[in-house]
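Predicted model, so just to flag it, every value in this text is computed and none were measured.
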Amino acid sequence: MVLLRQELGDVLRDVRLQQGRTLRQVASRASVALGYLSEVERGQKEASSEILAAVAEALDVPLSSILREAGERLAVLEGIDVPVLHRIPDAVPDELVREMSSIAR
């Protein structure tokens with residue numbers, strides 16, 4: 001079974017190691033217990049959104065980047081072609097555009 005917490009932990013650890021930071025440095029900067037962050041990185045604990053945001057900030061990386069990377073890793077594990085995910089349009093429905101245009105006039 002593919003677990004989001006495992007992929008998130010792997011991404012957090014990979015980013016930390018790429019930056020040459022220790023677990024202790026990141027935990028201290030994020031105000032998170034060292035042991036807890038270690039368990040999060042190993043996929044043993046499910047981190048709250050607040051903890052993830054604090055760790056992302058401590059790593060100077062946008063939370064969205066961490067979530068995106070974890071999502072892409074999950075997609076690969078699930079056998080989904082990752083480029084397909086990037087082709088999903090991010091568009092405002094035409095009806096909403098017309099409604100907003102009439103309000104702006």
Going by side-chain contact (heavy atoms from CB on, under 4.5 Å), name the residues that satisfy it together with [X], two or more places apart in sequence or in a different chain.
{"X": "Ser31", "result": "none"}
{"X": "Gln44", "result": "Glu39, Arg42"}
{"X": "Ala54", "result": "Ala30"}
{"X": "Leu63", "result": "Leu52, Ala53, Ala56, Leu67"}

Distance in Å, [X] [atom1] paired with [Y] [atom2], rounded so as to fall on 0.5 Å steps:
{"X": "Leu37", "Y": "Leu12", "atom1": "CG", "atom2": "CG", "result": "7.0 Å"}
{"X": "Glu46", "Y": "Arg5", "atom1": "CD", "atom2": "CZ", "result": "6.0 Å"}
{"X": "Leu77", "Y": "Met1", "atom1": "CG", "atom2": "CE", "result": "13.5 Å"}
{"X": "Asp14", "Y": "Leu59", "atom1": "CG", "atom2": "CG", "result": "11.0 Å"}

**Report entry** Listed partners of Glu7 passing side-chain hydrogen bond (donor to acceptor under 3.5 Å, both in side chains), at least two apart
**Finding:** none
Query raised in the report: Can you check whether Ile66 reaches Val61 side chain to side chain, under 4.5 Å on heavy atoms?
Result: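 Ile66 vs Val61: side chains touch.
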Query raised in the report: Side chains of Arg16 and Val55: does their closest heavy-atom pair fall under 4.5 Å?
Result: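 The answer is no, as the side chains (C-beta and beyond) never meet within the 4.5 Å cut-off.
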**Report entry** Sidechain N-carboxylate O distance under 4.0 Å for Arg29, Glu57
**Finding:** no
**Report entry** Lys/Arg N to Asp/Glu carboxylate O, Glu69 vs Arg73, below 4.0 Å
**Finding:** yes
Mind checking whether [X] and [Y] sit in one hydrophobic cluster, side chains of I, L, V, M, F, W, Y counted as touching below 4.5 Å?
{"X": "Val76", "Y": "Val15", "answer": "no"}
{"X": "Ile51", "Y": "Leu4", "answer": "yes"}
{"X": "Val26", "Y": "Tyr36", "answer": "yes"}

Report summary line: Between Ala27 and Leu34, the two heavy atoms sitting closest are CB-CA, 3.9 Å
Query raised in the report: Short question: side chain of Gln25, backbone of Thr22 - any donor-acceptor pair under 3.5 Å?
Result: yes
Query raised in the report: Do Leu17 and Arg13 pass the side-chain contact (heavy atoms from CB on, under 4.5 Å) test, and can you show the C-alpha distance, the side-chain angles, and the key distance before you say yes or no?
Result: CA-CA 6 Å; Leu17 293 174; Arg13 183 177 43 255; 3.8 Å; yes
Report task. Output all residues satisfying salt bridge (Lys or Arg N to Asp or Glu O under 4.0 Å) with Arg24, sequence neighbours left out; order by chain, then residue number. Result ->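 Partners of Arg24 under the salt bridge (Lys or Arg N to Asp or Glu O under 4.0 Å) test: none.
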